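Everything below concerns the one structure shown next.
Just so you know, ligand 1 is whichever comes first in the structure, and atom 1 is the first atom listed for that ligand. Because only heavy atoms are used, hydrogens play no part in the values below, and waters and symmetry mates are left out as well, while side chains stay in. All values derive from a computational prediction rather than experimental measurement. For reference, positions follow the sequence shown, starting with 1.
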Amino acid sequence: MILRELLSHLPKAVASGNLDHVAKGVTADSRKVKPGMVFVAIRGEESDGHKYIDSALKKGAVAIVAEAAPDADTSEKVVWIHSNDTRVALATIASALAGNPSAQLRTVGVTGTNGKTTTTFLLQHIMKQSWTRAGLLGTITVDDGVERTEATHTTPSADILQSQLGAMVGNGCRGVAMEVSSHGIEQKRIAAVQFDAAIFTNFSQDHLDYHGSMAAYFEVKKAFFASLPQQDGKKKPVAVINSDDLYGAKLVKELGEEFGDAIHIVTYGMGAHCDFKVTKIKQQVRGTEFQLDNRGKSYLVRTPFIGRFNVYNTLAAIAGAAAAGIKPRDAVKALAEAPQVPGRMELIGTREGVTVFVDYAHTPDALQNVCATLKDLGPNKLITVFGCGGDRDKIKRPLMAAVASEISDLCLITSDNPRSEDPDAIIKQIEAGMKSKAYRPIPDRDEAIRTAVNVASKGDIVLIAGKGHELYQELADEKVLFDDRRVARWALKDKPVAELDEEEKPRERSYDNFDRKDSSDFKRDKFSGDKSERRDGERPEYQRPEKYGERRVGEQGDKRGGDRRDSRGGDRGGERRDFRDGDRRDDRGGERRDFRGGDRRDSRGGDRRSFDDKRKDTNNEEK
Ligand SMILES: CC(=O)N[C@H]1[C@@H](OP(=O)(O)OP(=O)(O)OC[C@H]2O[C@@H](n3ccc(=O)[nH]c3=O)[C@H](O)[C@@H]2O)O[C@H](CO)[C@@H](O)[C@@H]1O[C@H](C)C(=O)N[C@@H](C)C(=O)N[C@H](CCC(=O)O)C(=O)O
Ligand SMILES: Nc1ncnc2c1ncn2[C@@H]1O[C@H](COP(=O)(O)OP(=O)(O)OP(=O)(O)O)[C@@H](O)[C@H]1O
Ligand SMILES: N[C@H](CCC[C@H](N)C(=O)O)C(=O)O
């Protein structure tokens, strides 16, 4: 594209120099300039792109886009495009050079504090079932319809984003599910993206280091929705909002007041007036079932995910897909086969009755949801391993500690990605928020995971939170390979097989007495076929639980009934899910997964007292 044509996309810019040159690409990073590219100077947090203009020119930049005027020397030699907002200019140029790809795709953006990645994975899955090819763009991966590559950002810089969208169009994708981070909105990385729909999942504390206050953070999220009517490529975009969320309800109200009919608002949640309304949630061992009502029709939705928060993610995906033109019936059908989202409530395996999950919870709200969901499975003890990232929101550290310690029976506080911060200092800030003494700081994450798995006994769940799918750990001077899932598999594999001592035997008997009919199943764990059981030296591989939905989940009620209290003391009535009951009548006999083992009578105090001893044991074994 020649510069003159490019300039027509920037109506407010002023240009000088020969505009007949061809622009071969665009970047805001002088280090990436290649001959013929346009260099856009951006004022950043750390640095100012205007400082690198000379360097960009030396590398062959064909034109400079800047917020400043050129000096006398430079203006003679180059094409200079003056813009009041180079971030918007970057996005606009990148979109034009990529052929305005978002206008050719059904583009659905997902924002919110938690649930973006999960929702986009579900949405892309639904899109693919309907359209064969669809793109995905977010924290974990970028899928251009042909190839998946590791993501660098949740929402990348505009030049990268637009070329990824361009590749999707080129590869025949009909739509894209993309995450929209608050950084992406604030830094105008999405400025030239034309959205068919924007989803708001929820809003809670995070990123205060960057946004300063919750009010400012919310305004940034709202700006995404407020920008929808300004787009010229898409007719009446849809704002899909979780109206059960306090801030979601606020957004519905404010958008309605400020934009009237210019934005079509669709709500989802459990509230009576939601457009996509969920009722009759049944949490089961292998997933969740619920009823969805939309426009006078009811659907039975089954997904292989656990946790009430995933019901919201599922609803968001169905409503987002509907906004992109996919019938809810088709979305519901696709969701029964939804893929595991890497590192999101990912079941690693079970050994010796100890079950391990890895999850990406790194905000207080996420950690609370995940801990409560696992606690609702009815383990003997919930052991949570977590830390907090360095160079990120410090305020959330004690808050994460408070929720984790309130719900878990034992916490092992460890390092997340310390980055430039002192890991011990981060741990101290976490410790300050602990509500119980049942915790141990173990700065080395590998050691913390292994310790958790080793001290856990039959019937316990170990949650490893914070890093989910991440394959590395960011330390002060280096980024080292680190995968929670891999370490956890190894820890499970290495976990010694318990020899029952005299003291433990009565416990087994007490379990047998509890439900003699099932006592044989106690030894046959659902995942005993997992390679982690193998003793032939092979590395254990995670095996996904078999497909959900093949048996009638409704057959497995809570046989004990009664007014059961959830882990936080609240009564969730019929919606409480009980791991112990859920699978009792499993029709496939030996394949049951069961957390019942161990000593139910001593789920909290008992463990606290024995932790040190168990740790000593572990240490001795290691020696
Ligand atoms: C705080 C933040 O978001 N920073 C992002 C921002 O950097 P910045 O504004 O500080 O840029 P800078 O380093 O000051 O440089 C200014 C300009 O000079 C240019 N430059 C710089 C050096 C040089 O030699 N030559 C040169 O041209 C830079 O390319 C840039 O255009 O712009 C850069 C280019 O797009 C981003 O890579 C960088 O992301 C950093 C690495 C980052 O960690 N960001 C995280 C916090 C982030 O964005 N996270 C969200 C997810 C959050 C969530 O979970 O919801 C995300 O979307 O990924
Ligand atoms: N709808 C939800 N509400 C609250 N917590 C959630 C929700 N969905 C997922 N979570 C929790 O948040 C964690 C992160 O989920 P997910 O990656 O889907 O969110 P995200 O918004 O993409 O986060 P990030 O942008 O930081 O990667 C999950 O591992 C889970 O613990
Ligand atoms: N997108 C999030 C990821 C946090 C993940 C956690 N492991 C950490 O490093 O803090 C952020 O940049 O805040």
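Contact residues for ligand 1 (protein heavy atom closer than 4.0 angstrom to any ligand atom): Ala28, Asp29, Ser30, Arg31, Phe39, Ile42, Gly44, Glu45, Glu46, Ser47, Gly49, Tyr52, Arg87, Lys116, His153, Thr154, Thr155, Ser157, Ser181, His183, Gln187, Arg189, His207, Arg392. A heavy-atom cutoff of 4.0 Å around ligand 3 is satisfied by the protein residues His207, Tyr360, His362, Gly389, Arg392, Asp416, Asn417, Arg419, Gly466, Lys467, Glu470.
Taking His469 as the reference, Tyr360 meet the ring-ring contact (aromatic ring centres under 6.0 Å, His included) condition, with sequence neighbours excluded. For Asp484, the side chain to side chain donor-acceptor pair (under 3.5 Å) test picks out Arg445, with sequence neighbours left out.
An N or O contact shorter than 3.5 Å links Thr117 to ligand 2 by distance.
Judged by distance alone, the side chain of Asp409 and the main-chain N or O of Leu382 form a donor-acceptor pair under 3.5 Å.
Contact annotation for His362 and ligand 2: only side-chain heavy atoms (C-beta onward) come within less than 4.0 Å of the ligand. Residue contacts with ligand 2, taken as heavy atom pairs separated by less than 4.0 Å, involve Asn114 via backbone and side-chain atoms alike. At a heavy-atom cutoff of 4.0 Å, ligand 2 is contacted by the side chain of Asp365 but not by its backbone. With a 4.0 Å cut-off on non-hydrogen atoms, Val370 touches ligand 2 through its side chain and not its backbone.
A cation-pi arrangement, defined by a distance under 6.0 Å to the six-membered ring centre and an angle within 45 degrees of its axis, is present between Lys467 and Tyr472.
Side chain to side chain, Asp244 and Tyr312 meet the donor-acceptor criterion of an N or O pair below 3.5 Å.
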